[in-house]
Enquirer: 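Okay, here's the structure, questions in a sec.
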2 protein chains.
Amino acid sequence: MVEEAIRELNYIPNSAARILASSASHIVAVIIPSLSATVYAQEVHHIVRVLEERSFSVVIGHSDYSEIREQRLVQSFLERRPDGFILTGTQHTDLTRQLLKNSGVPVVETFDGDNAAMDMSVGFSNFEAGRKVAELFRSRGLTRIAYVGGRSEQDFRSNARFEGLSARLAEDGLTPVARIELTLPMPAGDGVRGLDRVLATDPLTQAIFFSADTLAISALLECNRRGLRVPEQLAICGFGNYDFADAIVPSLTTVAVPFEEVGVLAANAILARLDGTAQGSSRKVIPLQLLRRASA
Amino acid sequence: MVEEAIRELNYIPNSAARILASSASHIVAVIIPSLSATVYAQEVHHIVRVLEERSFSVVIGHSDYSEIREQRLVQSFLERRPDGFILTGTQHTDLTRQLLKNSGVPVVETFDGDNAAMDMSVGFSNFEAGRKVAELFRSRGLTRIAYVGGRSEQDFRSNARFEGLSARLAEDGLTPVARIELTLPMPAGDGVRGLDRVLATDPLTQAIFFSADTLAISALLECNRRGLRVPEQLAICGFGNYDFADAIVPSLTTVAVPFEEVGVLAANAILARLDGTAQGSSRKVIPLQLLRRASA
DNA sequence: TTGTAAGCGTTATCAT
DNA sequence: ATGATAACGCTTACAA
């Protein structure tokens, strides 16, 4: 009895046994391209925040922008019998889809509102983002417009933004003067390389849409250094609305990425499915906001 | 036989059963204050990278800069019988220490090379960082020096930097003219608030050491905006060496935080213990580098 | 209500 | 080597 109480004091239940007996792991697996990209780190932050509250554990994996690595992670995580999966994007190997489907685990795909998801999805339209930026450039009367983003085989969401940009330009009979593809992951400094490659392709470029604020900010600061006036000589638009986007001079025009909302809604989608509050597939597309500031 | 092969094809082992039978979870639990702070997100990135390679899963939790929340996470994670724990800092509740000690799990405490760790530690001396910055300011002949950091009950590593700064100043018979304590987490914009509070306390302040580059950068950009010349009228030093620290004008003098090294070494410390390659406690203190740039 | 026993899917042990 | 069997520590269904 006393022994009972003492044992009680230090008693730590073994979740492996619980999982085995109840087949509920209270684990949610999250796979993102990389934690070193702000947008995904922020998303995961909010996923963890929401799930911790409900005493779910989050296990995390890096796909490194590779479908095959993502697949390996899915296989490995599946062994843990997670109660939910949160993936990035809608591009996956067939085996990934099949494994996930067979497992019956709730799956949320994030950051891609353009394509059909296998189960649930929470994201925004990258295509629309590209359109909006093109619209802004066009409203300023600009015609020589370039794009800098990740390599097209790697960065599908960046592709969609480029497509949106192109589509809007096409309406005015225009095509992008340059499309620069950088290998992922892209450190901030790559913005300068992107800038250089754009200018090498077309020295008369009037505007650049960068696929990430980190790139845009470093390019913008480089323009300042070179005495290239922004936006008069070169308009710059970013994507993400990261720290300092509005603090640098000139302030960065950019598309605000709702990473907090994505994270929270993705976590809630899993929880709702587990609670039985929601069933069946769902698709949440969050409207995007273009923040018109000084750089474009 | 054919059935065997087919079953084989879709066979997914159940790790709960494996853990129960073998008492090896292949899980490492990582607790950081918050994923929204770059330095921790980066650290975790490298931890995950290293551990994924060895097919360990990482479960992650946010202490939110609270010891009691950290304790709750430890209790909860302990149920999963992780093969290792990576914590942030050396400040923990007694129960946290006791639970961890009783569990026998390898523990690495990170980012604090100043204090004794319960098991293993990988970090750097925050005290030394403060000293180095003070040394720099003094070498420029500055005397009216202020500090901006997190609230002292929350941010123990920031405290150590302040102590180091103070200690060096004391050698010259000086004391900081202001110490501003901000509530964590500190969004970048808080740098401006910190700047304002410093100047309200002592308008003649000559130098400020910010406990994070985010704060320093936003303060520096605000100085530019106000026409306050950096470093002539106000020297600014940051901590972290984040993106853009060297790209803004004037470039930010800062202490480089070796988050990659911390992450890699912390993960390796756990692995070495599990492999039997290393035993007993260890303490790795990574030397710090002060990057002298234009702002101080 | 309280208690007992079966079963979850592995690993590990011990015979064969 | 190969195969049967006992844990592992919980949940749950069923009895009492």
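Below, read A as the first sequence line, B as the second, and so on, with proteins coming before strands; counting in each chain starts at 1.
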Enquirer: Among C:dT10, D:dC10, C:dA12, which is the nearest nucleotide to the side chain of B:A17?
Expert: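 Taking heavy atoms from C-beta onward, the closest nucleotide is C:dT10.
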
Enquirer: Can you tell me how far P of C:dC8 sits from CZ of A:R81, to the nearest Å?
Expert: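 In whole Å, C:dC8 P lies 13 Å from A:R81 CZ.
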
Enquirer: Locate the shortest heavy-atom distance separating B:A16 from A:L20; write the atom from each residue and the value.
Expert: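 Shortest heavy-atom contact: CB-N, 4.1 Å.
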
Enquirer: Whole Å only: how far is the NE2 atom of B:H26 from the P atom of C:dT11?
Expert: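 In whole Å, C:dT11 P lies 12 Å from B:H26 NE2.
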
Enquirer: Measure the distance from CD on A:E79 to C1' on C:dT10 and round it to the nearest whole Å.
Expert: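 Atom-to-atom, A:E79 to C:dT10, this comes out as 12 Å.
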
Enquirer: From the set C:dT10, C:dA12, D:dC8, return the single nucleotide nearest to any side-chain atom of B:L20.
Expert: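 My answer, after comparing the listed nucleotides, is D:dC8.
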
Enquirer: So with a 6.0 Å cut-off around CD of A:E163, is the heavy-atom count from everything else above 12?
Expert: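 Counting neighbours around CD of A:E163, more than 12 heavy atoms of other residues, nucleotides or ligands fall under 6.0 Å, so yes.
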
Enquirer: Could you state the atom-to-atom distance from CZ of A:R80 to P of C:dT10 in whole Å?
Expert: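 Checked: the CZ to P distance equals 14 Å.
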
Enquirer: Which listed nucleotide (C:dT10, D:dC10, D:dG9) is nearest to the side chain of B:N14?
Expert: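 When the side chain of B:N14 is considered, C:dT10 is the closest of C:dT10, D:dC10, D:dG9.
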
Enquirer: So, are B:E260 and B:R49 salt-bridged, with charged N and O less than 4.0 Å apart?
Expert: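 Salt bridge between B:E260 and B:R49, a charged N being under 4.0 Å from a carboxylate O: yes.
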
Enquirer: Between the two end axes of the helix from C:dT1-D:dA16 to C:dT16-D:dA1, each built from 5 base pairs, what angle do you get to the nearest 10°?
Expert: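 Computed angle between terminal axes is 50°.
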
Enquirer: Which one of A:E70, A:Q98, A:E67 satisfies the side-chain hydrogen bond (donor to acceptor under 3.5 Å, both in side chains) criterion with A:H92?
Expert: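 Of A:E70, A:Q98, A:E67, side-chain hydrogen bond (donor to acceptor under 3.5 Å, both in side chains) with A:H92 is met by A:E70 alone.
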
Enquirer: Is A:R54 salt-bridged to A:D275, cutoff N-O under 4.0 Å?
Expert: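 Yes, A:R54 and A:D275 are salt-bridged.
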
Enquirer: Can you tell me how far C1' of C:dT10 sits from CD1 of A:I19, to the nearest Å?
Expert: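 For the pair A:I19 CD1 and C:dT10 C1', the rounded distance is 13 Å.
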
Enquirer: Select one nucleotide: of D:dC8, C:dC8, D:dC10, the one nearest the side-chain heavy atoms of B:A21.
Expert: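 Nucleotide nearest to B:A21's side chain: D:dC8.
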
Enquirer: More than 12 non-hydrogen atoms from neighbouring residues, nucleotides or ligands closer than 6.0 Å to CD on A:Q289, yes or no?
Expert: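 No, because the 6.0 Å sphere around CD of A:Q289 holds 12 heavy atoms or fewer from other groups.
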
